[in-house]
Amino acid sequence: MSERKLKLAIVQMHVDAGYPEANFARLEERLREAVQGPVKPDLIMFPEMWNTGYALEQIEQIADQDGERTKALLSAFARGHQVQIIGGSIAEKRDGGVYNTIYAFNENGEVVSDYSKIHLFRLMDEEKHLLAGEKLGTLEVAGSDAGMMICYDIRFPELARKLALGGAKVLFVPAQWPNPRLHHWRTLLTARAIENQMYVIACNRCGTSGTSTFFGHSLIIDPWGEIVAEAGEEEVIMRAEIDLDLVDAVRAKIPVFEDRRPSLY
Ligand SMILES: NC(=O)CCC(=O)C(=O)O
């Protein structure tokens, strides 16, 4: 098996807004299921803000202090099962505020990257309760560079392009993207994949919180823009294998990165 192939387990799950205990319990169960399947995954990923949901009025009280509880759980699991984890994102209390942060772990359980959402989504009042991150999210998977963006971040093509120019061949996107914007979700993720000739791996939550319903439809999209896997609206562990050599093949076929004219735009 090529080192550049990657078996994915994308955990599309419900999140109880305001109930970290229930969410930690659910996540532990899903983690166990993810590694029990017939094919052991190389990498597991979850949705955005899976620990608290969008319980923003109480977020200061329930956010994970410095991500310590999350890091302890995911690090031990990654090491114990020799699996990489893109830890969805969590509400993380840090430096006098709350961030929406991804921690990524290698198969030895080491934190290899962290990224806090840099564009706050006003339609869900994020800017009133959360602080924006100030750095890009990069890591290495299967010997290739990869990037991370969180949900609303995918509306900013400049960010995905910057990650691609930095070498990223895969983009990981945890999300809590609600109805009625399935069309935007699928179109924006597909556009980021096609224009940057990269894999886009997106994990949305499902279920209902308050007046918001989340449609799921987690997606794995290849660098040609084809959908490799798409979930429905229910809880599921979506499994697929991707081959990172396809990124080089697509970039050789239509050499977008060589043809760019950045001096003009
Ligand atoms: N959690 C989010 O960032 C939601 C983004 C979203 O729904 C959008 O339409 O953008």
Side-chain angles (χ1 to χ4, degrees), residues 10-20 23 27 45-60 62-64 67 70 86-93 97-103 114-137 147-161 163 171-193 195-196 200-219 221 230-233 235:
I10 306 303
V11 179
Q12 176 171 296
M13 62 184 222
H14 177 67
V15 176
D16 282 304
Y19 294 96
N23 294 324
L27 189 86
M45 177 184 174
F46 335 117
E48 180 185 17
M49 295 270 276
W50 63 264
N51 62 336
T52 60
Y54 272 84
L56 294 178
E57 296 294 341
Q58 10 157 358
I59 206 74
E60 291 254 355
I62 60 177
D64 190 358
T70 303
I86 306 284
S89 75
I90 54 161
E92 179 196 29
K93 200 165 177 188
V98 179
Y99 292 84
N100 181 343
T101 301
I102 304 174
Y103 281 102
D114 63 274
Y115 169 71
S116 296
K117 187 176 190 175
I118 64 178
H119 302 98
L120 299 180
F121 190 50
R122 295 181 212 217
L123 206 59
M124 284 160 72
D125 285 341
E126 283 190 329
E127 85 291 356
K128 296 192 181 122
H129 302 276
L130 303 178
L131 298 175
E134 298 290 343
K135 63 170 187 166
L136 302 190
M148 300 182 286
M149 288 163 67
I150 301 178
C151 204
Y152 180 52
D153 281 336
I154 68 163
R155 289 187 182 270
F156 299 85
E158 305 90 333
L159 175 56
R161 175 51 57 98
L163 290 166
L171 185 60
F172 294 100
V173 185
Q176 287 214 24
W177 195 291
N179 278 311
R181 294 185 295 282
L182 175 58
H183 171 54
H184 290 195
W185 166 254
R186 205 189 272 117
T187 306
L188 290 164
L189 291 169
T190 305
R192 298 297 83 85
E195 70 200 357
N196 295 299
V200 173
I201 319 290
C203 180
N204 197 18
R205 69 159 281 191
C206 57
T208 298
S209 285
T211 55
S212 298
T213 57
F214 297 85
F215 49 71
H217 281 271
S218 296
L219 280 160
I221 306 171
E230 178 166 3
E233 301 205 342
E235 287 202 318

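What you see is a predicted model; the values in this text were computed from it and never measured. Atoms within a ligand are numbered from 1 in the order they appear, just like the ligands themselves.
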Should the pair Trp185 and Trp177 be assigned to parallel (<30°), tilted (30 to 60°) or perpendicular (>60°) ring geometry?
-> tilted
Looking at atom 4 (C) of ligand 1, what's its closest protein heavy atom, distance included?
-> Cys151 SG, 3.2 Å
Please examine the side chains of His217 and Glu233, heavy atoms only from C-beta on, and report whether any two atoms are closer than 4.5 Å.
-> yes
Considering the heavy atoms of Lys117, write down every atom of ligand 1 situated less than 4.0 Å from one of them.
-> 1 (N), 2 (C), 3 (O)
Any chance you could measure Ile154, atom CD1, to Leu189, atom CG, to the nearest 0.5 Å?
-> 3.5 Å
Pick one of side chain, backbone, both or neither for how Met49 approaches ligand 1, counting any non-hydrogen atom pair under 4.0 Å.
-> neither
Spatial distance of atom NZ (Lys117) from atom OH (Tyr115) [nearest 0.5 Å] = 9.0 Å
Looking only at distance, does Arg155 have an N or O less than 3.5 Å from an N or O of ligand 1?
-> yes
Between the candidates Phe214, Phe121, Tyr54, Tyr152, which shows the shortest non-hydrogen contact distance to atom 6 (C) of ligand 1?
-> Phe121
Closer than 4.0 angstrom: is that true for some heavy atom of His119 and an atom of ligand 1?
-> no
Counting distance only, does the side-chain N/O of Glu92 pair as donor-acceptor with the main-chain N or O of Tyr99 below 3.5 Å?
-> no
Part of Trp185 with heavy atoms under 4.0 Å of ligand 1, whether side chain, backbone, both or neither | neither
Quick one: which ligand 1 atoms are inside 4.0 Å of a heavy atom on Glu48?
-> 1 (N), 2 (C)
Does the Glu60 side chain pair with the main chain of Val98, one donor and one acceptor, at a distance under 3.5 Å?
-> no
Under 3.5 Å side-chain donor-acceptor pair for Ser116 and Thr101 = yes
Near Pro178, which atoms of ligand 1 are under 4.0 Å from a heavy atom of that residue?
-> 7 (O)
Find out whether His14 and Arg205 are in side-chain contact, i.e. whether some heavy atom of one side chain is under 4.5 Å from a heavy atom of the other.
-> yes
Ranked by distance from atom 7 (O) of ligand 1, the top protein heavy atom is Arg181 NH2, 2.8 Å
Ligand 1 atoms in contact with Gln176 (distance to a heavy atom under 4.0 Å) = 1 (N), 2 (C), 4 (C)
